[in-house]
Enquirer: 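This is the structure, below, for whatever I ask next.
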Amino acid sequence: MLQPKKQKYRKQQKGRRRKREKETRAINLDFGSIGLKAMENIWLTARQIEAARKVMVRYLRKGGKMWIRVFPDKPVTKKPPEVGMGGGKGDFDHYAAVVRKGRIIFEIDGLPLDKAEAALKEASSKLPIKCKIIKKEEI
């Protein structure tokens with residue numbers, strides 16, 4: 001699974017979770033010819049990214065290349081069940097990637113269009129958000 005090699009601090013604050021915030025970075029296809037775009041704001045866990053990656057790797061065995069454009073570097077904490085308020089912040093639970101609406105999550109190149117679309121469609125079914133398959137316009 002994806003996770004940072006080192007971290008300066010064990011626990012991190014949540015940050016602002018704005019509903020209408022759109023992504024300004026990674027909104028265009030820069031590497032591949034077809035990609036998967038997030039249509040909602042979410043924290044994607046490392047497990048969710050890994051599940052989608054595994055599905056796409058099956059299609060890429062015969063050739064082709066994949067790029068993962070998100071990285072889970074936000075530590076998420078969780079308190080154990082049946083523990084009351086107080087007692088400080090909970091222990092580290094997992095890593096998450098902050099994904100805003102409009103961000104490209106995955107890109108694929110070197111596969112026929114129908115196979116690439118099938119791979120991305122199956123990968124999007126592993127993610128808990130609405131996604132859109134986008135293609136690079138031929139100039």
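Predicted model only: the values in this text are computed from it and were never measured.
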Enquirer: Are any of the side-chain nitrogens in Glu50 or Arg53 under 4.0 Å away from the carboxylate oxygens of its partner?
Expert: yes
Enquirer: Could you check whether Arg25 pairs with Glu23 (Lys NZ or Arg NE/NH1/NH2 to Asp/Glu carboxylate O, under 4.0 Å)?
Expert: yes
Enquirer: Are the side chains of Leu2 and Asp73 in contact, using a 4.5 Å heavy-atom criterion?
Expert: no
Enquirer: For the residue pair Trp43 and Pro72, establish whether any side-chain heavy-atom pair is separated by less than 4.5 Å.
Expert: no
Enquirer: Is there a path of hydrophobic side-chain contacts, each under 4.5 Å between heavy atoms, that joins Trp67 and Ile105?
Expert: no
Enquirer: So Ile133 and Leu36, do their side chains get closer than 4.5 Å, heavy atoms only?
Expert: yes
Enquirer: Enter the distance from Asp93:CG to Thr77:OG1 here, rounded to the nearest 0.5 Å.
Expert: 8.0 Å
Enquirer: Any donor-acceptor pair under 3.5 Å linking the side chain of Lys89 with the backbone of Gln12?
Expert: yes
Enquirer: According to a 4.5 Å side-chain heavy-atom criterion applied to Ile, Leu, Val, Met, Phe, Trp and Tyr, with indirect links allowed, do Met1 and Val55 form part of one hydrophobic cluster?
Expert: no
Enquirer: Output the distance between atom CG (Asn41) and atom CZ (Arg103), rounded to the nearest 0.5 Å.
Expert: 12.0 Å
Enquirer: Starting at NZ of Lys37, measure out to CD1 of Ile27 and round the result to the nearest 0.5 Å.
Expert: 6.5 Å
Enquirer: Same hydrophobic cluster for Ile104 and Met39, using side-chain heavy-atom links shorter than 4.5 Å among ILVMFWY?
Expert: no
Enquirer: Could you tell me whether Arg16 and Glu21 make a salt bridge, using a distance below 4.0 angstrom between a side-chain N and a carboxylate O?
Expert: no
Enquirer: Are Leu120 and Phe106 side-chain neighbours, meaning at least one heavy-atom pair lies under 4.5 Å?
Expert: yes
Enquirer: Under the 3.5 angstrom rule, does the side chain of Lys79 hit a backbone N or O of Gly88 as a donor-acceptor pair?
Expert: yes
Enquirer: Considering only heavy atoms from C-beta outward, does the side chain of Ser33 approach that of Ile108 to under 4.5 Å?
Expert: no
Enquirer: With rounding to the nearest 0.5 Å, note down the distance linking CD in Glu40 to SG in Cys131.
Expert: 8.0 Å
Enquirer: Considering residues, nucleotides and ligands other than Lys101, do more than 12 of their heavy atoms fall under 6.0 Å from its NZ?
Expert: no
Enquirer: Hey, is Arg58 close enough to Glu122 for a salt bridge, meaning N to O under 4.0 Å?
Expert: yes
Enquirer: So, for Ala119 and Met56, which heavy atoms are closest and what is the spacing to 0.1 Å?
Expert: O-CG, 3.7 Å
Enquirer: With a 4.5 Å heavy-atom cut-off, do Tyr95 and Gln7 have their side chains touching?
Expert: yes
Enquirer: So, for Leu29 and Ile134, which heavy atoms are closest and what is the spacing to 0.1 Å?
Expert: CD1-O, 3.8 Å
Enquirer: Could you go through Glu117 and Ile34, starting from their C-alpha distance and side-chain angles, then the distance that decides it, and tell me whether this counts as side-chain contact (heavy atoms from CB on, under 4.5 Å)?
Expert: CA-CA 8 Å; Glu117 278 183 11; Ile34 188 167; 3.5 Å; yes
Enquirer: Can you hop from Leu127 to Val76 via hydrophobic side chains spaced under 4.5 Å?
Expert: no
Enquirer: Do Lys135 and Leu113 come within less than 4.5 Å of each other through their side chains, counting heavy atoms only?
Expert: yes
Enquirer: Grab the two heavy atoms, one from Phe31 and one from Asp109, that are nearest each other, plus how far apart they are.
Expert: O-OD2, 4.1 Å
Enquirer: Which pair of heavy atoms, one from Leu111 and one from Gly63, lies closest together, and at what distance?
Expert: CD2-O, 3.2 Å
Enquirer: Donor-acceptor pair, Lys126 side chain versus Ile49 backbone, under 3.5 Å?
Expert: no
Enquirer: Does Gly35 offer a backbone N or O that forms a donor-acceptor pair with the side chain of Lys132 under 3.5 Å?
Expert: no
Enquirer: If you apply the rule side-chain contact (heavy atoms from CB on, under 4.5 Å), what do you find for Glu107 with Arg69, and how did you get there?
Expert: CA-CA 8 Å; Glu107 290 188 35; Arg69 301 283 304 270; 2.3 Å; yes
Enquirer: Would the number of heavy atoms belonging to other residues, nucleotides or ligands and lying under 6.0 Å from NZ of Lys11 be above 12?
Expert: yes
Enquirer: Please say yes or no: joined through hydrophobic side-chain contacts below 4.5 Å, possibly via intermediate residues, are Val57 and Val70 part of one cluster?
Expert: yes
